[in-house]
Amino acid sequence: MTRKLGPYAMLLPAFAILGVALGYPLVRQLVMSFQEFGRAQQFGQPAPWVGLDNYRALFTDSTMWGVVTRSLAFCAVNVVVTMLIGTALAVLLKRVNRTARLTLQISMLLTWAMPVIAAMTSWQWLFDTRYGVINWVLTKLGFESFHHHNWLTETWSFYFVATVIVVWMSVPFVMFTVYAALTQVSDDTLEAGQLDGATAWQRFRHIVYPTIRPVLTITMLLQIVWDLRVFAQIYYLQGVGGTPSKTHLLGTYIYTLGIGQNDYAMASALAMFVLVLTLVLTSYYVRSLLKESDA
Amino acid sequence: MSRRTTGRLWSGAAILIALVWAFPVYWIVNSAFQPSDRLRSTDPAWFPVDLTGSGFGRVFDDEFLASLKLSMTVTLIAIVVAGLCAFLGAVAISRFRFRGRLQLVLVVLAIQMIPPEALFVSQYKMLDEWGMFDTVAGLGLLYIAMILPFTLWMLRGFVDGVPIELEEAAMVDGCGRIRAFFTITFPLLAPGLVASSVYGFLQAWNEFTLAVVVMSPDNRTLPLWLRGLSDVSNDAIDWPGVMAGATLVAVPVIVFFMAIQSRMTSGLVSGAVKG
Amino acid sequence: MKLRKLAAAAAATALGLGTLAACGDDSGGGSSEGGSDTLTLWLAGKEDTPTDATDWLKKEFESQHDGKTLKIERIDWGELLTRLNTSLPSDKTPDVVEVGNTQAASFTSIGAFTDLTDKADELGAMGPQSFVDAGTWDDKLFAVPYYWGSRYVFYSKSAFKDAGLEVPKTLADFNAAAQQLKTDGGGDYSGFWLPGQDWRNGISWVFANGGDIAVQDGDKWVGKLSSAESIKGLTEWQQLAEKATTAPKDGKDEEPWTSFNNGEAAMFMAPSWARWSVAEDKADDLGAFALPGAESGAAPVFAGGSNLGISAKSKNQDLAFDLLKLIYSDDYQQLLAKNGLGPANDEFTSLMGDDEFAQAAITAASSSKLTPTSPEWSAVETASVMEEFFGALANGKDVAATAKATDAKLEEMLNK
């Protein structure tokens with residue numbers, strides 16, 4: 001009866017908006033991935049149907065698979081590190097007094113809120129080969145080899161710097177979200193558990209974890225999606241140093257093949273590919289999430 | 001060690017972490033106060049020496065205020081509308097069992113996985129056809145759609161985290177379903193609402209491409225304004241100015257957070273029923 | 001009953017959205033009205049064209065065309081291409097637009113601009129030739145030169161004096177001077193600040209020896225980096241990278257004055273506006289000269305600058321051309337020159353000044369070159385092909401082999 005109508009009505013506004021603002025563009029993007037659509041088409045030339053050509057070009061591109069592998073590795077490392085640090089800090093937040101909590105929250109918020117261009121430039125200067133603070137401090141501490149050390153030349157070092165920056169920028173979100181989830185854990189139940197003799201770890205596992213699990217999973221999912229597609233930080237670092245063809249990840253590679261060349265069709269095909277890749281990657285977590293919600 | 005001492009140690013650690021983590025941010029603000037040629041020098045400029053000749057003076061002008069106003073308007077519209085819709089949707093998905101529920105959940109998830117880089121071309125054409133080019137409503141609509149999916153996704157997680165038994169217990173006591181929800185569950189969602197609205201705020205606040213495409217050059221949001229400070233072709237970039245500009249762009253986010261943080265946690269949680 | 005309340009809330013939200021959507025234009029109207037009473041000019045960069053010039057232009061245009069307004073919009077370089085790509089094909093198109101000289105080909109090749117070949121004579125003297133070429137496609141002129149900049153070498157007068165050096169007259173002299181300055185300076189000192197991936201300056205060595213990046217042979221582009229002349233220049237450059245500098249091997253061309261300001265470099269090469277970024281306490285010591293050519297005169301260097309085009313979809317074609325005529329008028333050209341922007345009409349070049357900086361600029365621009373006029377060149381730049389090429393050379397790779405490989409890559413990308 002009305003009970004059945006309730007949820008649909010509640011979901012209507014959300015899906016109405018999504019349908020309107022995203023529906024048509026998404027369909028168009030899918031269609032475009034099967035066409036030839038570059039600048040010429042933007043300016044009125046007809047868009048010929050090329051079927052799977054864009055996709056074929058994509059999959060036969062030799063550098064593509066290297067990019068995918070590196071992206072997967074980068075994503076894995078970043079997600080793990082970010083989730084660990086973020087969750088640990090969230091737990092810390094719960095334990096400390098109000099002043100410390102507020103200080104840490106503000107610090108993280110500042111990190112989160114800083115426009116990427118300023119944050120990237122700041123990090124660039126900190127890691128600068130000749131005049132960076134990091135090299136300066138390390139040299140003063142006695143590590144002479146860091147005098148004018150170039151952090152971006154070696155590919156693995158490039159990714160190290162990128163990871164530091166991406167983790168630095170991503171932890172705030174995880175921390176705030178997991179902390180919010182932690183506040184939902186009932187203190188009374190925790191106390192009861194402690195009185196019953198449960199250890200901290202047991203309390204975490206049986207009381208805290210089940211409550212925050214949905215949020216942890218969702219946060220991890222989002223991190224995977226974003227870290228797989230990371231663009232701004234890599235793009236920016238590539239403009240500072242290193243060898244671009246060796247440091248491309250999916251985000252920047254898509255950019256060079258698609259928008260960077262005004263090849264919107266290729267960009268669309270790439271977008272579809274990344275979508276499928278992401279779905280495959282996260283299928284395990286998606287399934288566990290759906291299982292939970294059915295419980 | 002006594003509990004108090006460990007407590008103090010942890011608090012100390014938290015503050016230390018906070019300071020170290022924020023160092024790059026400190027560096028940004030510091031740079032805003034330095035003269036250009038001190039920014040990259042053999043001896044780092046640790047502290048601002050002269051607070052008067054700062055980048056802030058150079059960039060704080062009418063253009064900034066106009067951009068601030070526009071960004072504020074569009075962003076607030078986006079998070080309020082998206083927040084409401086997402087909240088309704090999250091409750092629906094979390095608390096109700098209905099046909100198509102799983103599929104809807106998947107759709108919401110899938111939407112977030114689509115790289116948006118190529119969408120803006122079609123979105124521009126669409127708004128143009130509807131006569132919504134260069135309108136707050138047009139950009140607002142796109143922003144709402146941008147932050148809706150993950151807000152819904154996140155809120156659902158938070159609603160899931162509040163066991164339905166709590167509401168049912170209250171209902172046994174005679175509360176109606178909705179009242180039970182708003183007195184028991186909703187206060188517990190406050191931190192979750194804060195987290196997701198801050199994130200939504202940030203996404204809309206810092207969005208660039210759609211703002212370029214949908215709005216005319218006279219109506220620039222803050223990210224465009226900031227980019228404009230650093231996109232000079234026949235001149236050197238005024239980095240202290242850019243850093244000052246970035247700080248100005250970040251400040252409203254902090255203000256927003258403080259505002260909803262205090263309102264939400266005190267106003268809602270204080271009335272929360274324990275256990 | 002409660003659920004109906006919730007459903008009502010949902011419906012109300014949806015209604016609110018609908019109203020929002022129907023609200024239409026409630027921001028300050030900024031875009032061009034499209035009618036023929038307003039002519040819209042898009043200039044790139046906040047301050048690139050000085051305000052005296054734009055004020056003059058607006059005054060003159062409106063006084064010459066009764067009842068018409070000239071709307072000048074400043075578009076940031078970072079937004080320019082995106083905005084052009086979305087608005088030029090629409091009916092909200094601006095009438096006259098400025099584009100970077102290297103960006104012109106992307107638009108001229110797809111009919112975004114009006115063909116001006118027949119009317120070009122009405123504009124008068126037009127140069128530099130490389131800019132005219134940049135705006136030409138299929139033998140038709142679509143984008144006319146607007147202004148040019150140039151790049152030259154900045155040097156420390158005291159460093160030269162201490163080393164007993166004079167301003168070099170040939171490229172070989174320059175190379176020798178740079179190496180000597182490094183040896184004299186010792187440690188971290190650079191005789192010439194030469195970042196490894198800085199191809200925009202590095203390419204001058206190729207040009208100076210008669211080489212090139214790529215040339216069009218009929219319909220196809222042929223890479224020229226592996227020609228004998230280019231290789232000679234590249235080898236010289238590689239020597240410098242090894243012996244004359246301590247700059248990072250993967251460094252780019254941004255802010256080259258930083259090392260100079262820190263007293264760690266004797267020379268650096270940059271566009272003319274870099275002068276104002278040199279630290280105040282070094283300003284007196286600063287001098288300038290155009291990079292010398294292989295035999296004499298100046299080496300061909302990359303010219304910065306812009307072109308102007310009339311949007312093909314503009315409804316004000318005649319008015320737009322009148323604006324171009326105003327821009328090419330003596331008064332406006334003089335305004336450009338006096339503000340340090342190289343005018344299209346070389347009659348007024350001397351107005352740019354007569355201090356050593358202006359002289360260096362003028363000499364350097366006398367033989368400027370541009371990137372290959374291909375719409376695919378932007379893809380080459382996005383893929384950082386040239387950066388990686390020079391970076392490889394800076395790291396000591398074999399010049400001939402690397403040049404050949406890069407040529408193949410260029411040909412693949414340009415002949416798409």
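All values reported here derive from a predicted model rather than from experimental measurement. Proteins come first, then strands; the chains are lettered A, B, ... in the order of their sequence lines, and each starts at number 1.
Of all non-hydrogen atoms in Pro240(B) and Leu39(B), the two that sit nearest each other are CD-CD1, 3.7 Å. Of all heavy-atom pairs spanning Cys85(B) and Pro13(A), the tightest one is SG-CB, 3.6 Å. Closest heavy-atom contact between Ala86(B) and Leu152(B): CB-N, 3.6 Å. Annotation for Ile207(A) and Thr189(A): closest pair CD1-O, 3.7 Å, computed over non-hydrogen atoms. The two residues Ala78(B) and Ile144(B) come nearest to each other via the heavy atoms CA-CG1, 3.7 Å.
Residue contact with chain B, scored on non-hydrogen atoms closer than 4.5 Å, involves the side chain of Trp226(A) exclusively. Neither the backbone nor the side chain of Thr219(A) comes within less than 4.5 Å of any heavy atom in chain B. Both the backbone and the side chain of Leu26(A) come within contact range of chain B, judged by heavy atoms closer than 4.5 Å. Heavy atoms of Ser41(B) lying under 4.5 Å from chain A belong exclusively to its backbone. There is no contact between Arg130(A) and chain B, counting heavy-atom distances below 4.5 Å. In this structure, the portion of Phe15(A) lying under 4.5 Å from any heavy atom of chain B is its side chain and not its backbone. Both the backbone and the side chain of Ile28(B) come within less than 4.5 Å of a heavy atom of chain A. Only the side chain of Trp136(A) comes within contact range of chain B, with at least one heavy atom under 4.5 Å from a heavy atom of that chain. Only the side chain of Val107(B) comes within less than 4.5 Å of a heavy atom in chain A; its backbone stays farther off. Using a 4.5 Å cut-off between heavy atoms, Ile85(A) contacts chain B through its side chain alone, with no backbone atom that close. Interface residue Asn97(A): backbone and side-chain heavy atoms are both found under 4.5 Å from chain B. With a 4.5 angstrom heavy-atom cutoff, Phe176(A) touches chain B via backbone and side-chain atoms both. With a 4.5 angstrom heavy-atom cutoff, Ser230(B) touches chain A only via side-chain atoms. In this structure, chain A has a heavy atom under 4.5 Å from the side chain of Leu226(B), while its backbone stays farther away. In this structure, the portion of Ile117(A) lying under 4.5 Å from any heavy atom of chain B is its side chain and not its backbone. Only the side chain of Phe23(B) comes within less than 4.5 Å of a heavy atom of chain A; its backbone N, CA, C and O stay farther away. For chain B, the nearby parts of Val20(A) are the backbone and the side chain; heavy atoms of each come within less than 4.5 Å. Looking at Leu222(A), the atoms closer than 4.5 Å to chain B (heavy atoms on both sides) all sit in the side chain, from C-beta outward. Proximity to chain B is absent for every atom of Val31(A), based on heavy atoms less than 4.5 angstrom apart. Interface remark: Ile111(B) contributes side-chain atoms only to the contact with chain A (heavy atom separation under 4.5 Å). Proximity to chain B involves both the backbone and the side chain of Leu110(A), based on heavy atoms less than 4.5 angstrom apart.
Chain A forms more heavy-atom pairs under 4.5 Å with one residue of Ser11(B), Pro252(B), Ala82(B), Ala110(B) than with any other, namely Ser11(B). Each of Thr99(A), Leu104(A), Thr103(A) has some count of heavy-atom pairs under 4.5 Å with chain B, and the biggest count is that of Leu104(A). Options Trp10(B), Trp21(B), Phe150(B) differ in how many heavy-atom pairs under 4.5 Å they form with chain A, and the most are formed by Trp21(B). When each of Trp168(A), Tyr24(A), Tyr179(A) is checked for heavy-atom pairs under 4.5 Å with chain B, Trp168(A) comes out on top. Interface remark: of the candidates Asn135(A), Leu277(A), Leu102(A), Val171(A), Val171(A) forms the most heavy-atom pairs closer than 4.5 Å to chain B. Contact count versus chain A (heavy atoms, under 4.5 Å) is highest, among Ile15(B), Val25(B), Leu19(B), for Val25(B). In terms of heavy-atom pairs under 4.5 Å with chain B, the best-connected choice from Leu270(A), Leu182(A), Thr183(A), Leu126(A) is Leu126(A). Among the candidates Trp46(B), Phe158(B), Phe257(B), the residue making the largest number of heavy-atom pairs closer than 4.5 Å to chain A is Phe158(B). Taking Tyr199(B), Trp205(B), Trp27(B) one by one and counting their heavy-atom pairs under 4.5 Å with chain A, the maximum is reached by Tyr199(B). The residue among Arg8(B), Met113(B), Arg227(B), Gln112(B) with the most heavy atom pairs within less than 4.5 Å of chain A is Met113(B).
With no hydrogens or angles considered, no side-chain donor-acceptor pair links Ser33(A) and Asn54(A) at under 3.5 Å.
Proximity of a side-chain donor or acceptor of Ser122(A) to a complementary backbone N or O of Pro24(B) within less than 3.5 Å is detected.
The closest side-chain heavy-atom distance from Lys125(B) to Arg28(A) is below 4.5 Å.
Partner of Ser94(B) under the side chain to side chain contact (heavy atoms under 4.5 Å, CB included) criterion, chosen from Val162(B), Val159(B), Thr185(B), Ile164(B): Val159(B).
Around the OH atom of Tyr235(A), the shell of radius 6.0 Å holds no more than 12 heavy atoms that belong to other residues, nucleotides or ligands.
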